Amino acid sequence: MIGKPSEALVRAARRAGAQPFFLAHVFAVYQDSNNLDESALAHLLGCAENNLPRLALCHRPAAESEAFRAEVNHLASRFQLDSVQLASIIRQVDALQALRYHLATDAQGSGMLRAARDRDELEQSKQENDDD
Amino acid sequence: MPTSRPPIEQITHTFQRLLAGEPDASADLIELLLEPLIAELRRSVPQFPDRDLLSDVVTDSLLKFVQDPARYNADKRGLWGFLTMDARGDLLNLLRAERRRHGREIRFDPVAHDLPDGNSDIEEAIVRKLVPAGLPDGVESEALMQQLRTEVSDEGDWHVLMLMAQGEKATAVFASALGILDRPFVEQQKLVKRAKDRLRVRLKRWGVEIS
């Protein structure tokens, strides 16, 4: 299927970008971090640009799943795209999101440690003042 | 833009692929149903003021559904009926929220699956519409609602009752609630009338007169 997607379908694919279930989410993150427009992404994947909204509305294959390779191949065959490139994009986005998550939780943890240290220092300072 | 419901066989086949976990089935089901659903909801919820917003709500409803297709129970109604009802419920919830936000008249949600138990505002509103002359002494709104819910246990009938209480007149809206939008319009009219008449008779015993 390479007919021009309807406006509603294109809009749906954009809205799906906010939902991790869909490949649209993977593409949104990847495009954002690599500064790619849709045409460049389609070129990278080796698929027709008209098929990008359809591909975006597919379920995102989970890299940790046993079915990952089969699902990627299924999509590659269906949309005539480069399966290696699709798998690579999914894995890169997974890695990027894991890193972001790690940094966010680390920063949160550091913030809590800092707050705890500040509180200890404050209490120590109060104690010293009381002793004086 | 395709504005009519696709053939049932095509919907069912794509849905089965979705249940089987085919990764492209979600895209196919969305492409198959999105525009007909938008067209259907534009017809059945004409009071919805913003066409683009309506499209977005219907889109979100479908995006939500493909992520959890197992919540559809084929024993209760057809998938098309289920999806139109689902999207319609989301639209009406949004309308209600907007009306509340603007401090306008609070209209209760006619889609019963979203009715929170024990919401006295909603119950009072329903009871006022159903029994304009007021409840007999000693009968509480909550008790009447409980009795009604027991009496009208079928979800489709309950939706119809809520729509009647709201003063809804459009056949398509009732047909959507009953999940029979796929039937010819004349048949929809007959089935809707039958459902309303049946409810009137059953509820009369509770002192509830619905026009």
Side-chain angles (χ1 to χ4, degrees), chain A residues 1-28 42 45 47-81 83 86-87 89-90, chain B residues 1-6 10-11 13-43 48 50-72 83-84 86-87 90-91 94:
Chain A
M1 185 182 281
I2 52 166
K4 195 170 187 288
S6 69
E7 205 176 300
L9 196 75
V10 172
R11 204 174 160 113
R14 289 196 185 118
R15 293 182 78 77
Q19 303 183 31
F21 175 91
F22 297 100
L23 267 176
H25 182 68
V26 172
F27 295 157
L45 285 164
C47 79
E49 199 175 337
N50 275 348
N51 269 338
L52 208 52
R54 297 183 180 101
L55 180 62
L57 288 166
C58 292
H59 184 209
R60 164 196 188 143
E64 68 279 9
S65 152
E66 282 181 12
F68 180 69
R69 183 174 294 191
E71 289 182 355
V72 167
N73 286 340
H74 180 98
L75 293 173
S77 164
R78 161 76 190 271
F79 295 104
Q80 300 293 298
L81 54 82
S83 62
L86 177 61
I89 288 175
I90 295 170
Chain B
M1 172 168 163
T3 55
S4 58
R5 195 210 68 202
Q10 202 177 353
I11 300 176
H13 174 67
T14 314
F15 176 64
Q16 292 302 331
R17 288 178 46 222
L18 185 67
L19 286 179
E22 289 187 28
D24 51 344
S26 54
D28 289 338
L29 195 71
I30 291 166
E31 183 157 26
L32 182 67
L33 295 177
L34 181 59
E35 289 178 277
L37 269 178
I38 290 172
E40 177 58 44
L41 271 295
R42 278 183 183 155
R43 278 194 295 269
F48 202 83
D50 184 326
R51 289 170 71 88
D52 285 341
L53 184 57
L54 181 144
S55 298
D56 286 344
V57 174
V58 175
T59 300
D60 288 348
S61 186
L62 202 47
L63 291 177
K64 190 174 64 184
F65 173 73
V66 298
Q67 295 179 53
D68 184 17
R71 69 191 170 92
Y72 163 63
L83 291 172
T84 50
D86 202 31
D90 290 342
L91 284 172
L94 189 64

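Chain naming here is simple, since letters A, B, ... match the order of the sequence lines and numbering starts at 1 in each. On a predicted model such as this, the values are computed, not experimentally measured, just so you know.
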(message) Show the nearest heavy-atom pair for residues S26(B) and L57(A), with the distance to one decimal.
(response) OG-O, 2.6 Å
(message) If I compare all heavy atoms of D24(B) with all of C58(A), which pair ends up nearest, and what's the gap?
(response) CA-SG, 3.5 Å
(message) I'd like to know which of A25(B), P23(B), G21(B) tops the heavy-atom pair count under 4.5 Å against chain A.
(response) P23(B)
(message) Pair F22(A), V66(B) - check side chain to side chain contact (heavy atoms under 4.5 Å, CB included), show working.
(response) CA-CA 10 Å; F22(A) 297 100; V66(B) 298; 3.6 Å; yes
(request) Kindly check if the number of other-residue, nucleotide or ligand heavy atoms within 6.0 Å of CZ (R51(B)) is above 12? (result) no
(message) Does any backbone or side-chain atom of L9(A) lie under 4.5 Å from a heavy atom of chain B? Answer side chain, backbone, both or neither.
(response) both
(request) Please state whether the side chain, the backbone, both or neither of Q19(A) comes within less than 4.5 Å of a heavy atom of chain B. (result) side chain
(request) Below 4.5 Å from any heavy atom of chain A, which atoms of D68(B) appear? Answer side chain, backbone, both or neither. (result) neither
(request) Taking all heavy atoms of L34(B) and all of A12(A), pick out the closest pair and write down the distance. (result) CD2-CB, 3.9 Å
(request) With a 4.5 Å cut-off on heavy-atom pairs, point out which of H59(A), E71(A), R15(A) contacts chain B the most. (result) R15(A)
(message) I'd like to know whether CD of Q16(B) has more than 12 heavy-atom contacts from other residues, nucleotides or ligands below 6.0 angstrom.
(response) yes
(request) Taking only Lys NZ, Arg NE, NH1 and NH2, and the carboxylate oxygens of Asp or Glu, determine whether D56(B) and R11(A) approach each other closer than 4.0 Å. (result) yes
(message) Looking at chain A, which one of L18(B), T59(B), D60(B) has the largest number of heavy-atom pairs inside 4.5 Å, strictly under?
(response) D60(B)
(request) Looking only at non-hydrogen atoms, find the nearest pair between R54(A) and A27(B) and report the distance. (result) O-CB, 3.1 Å
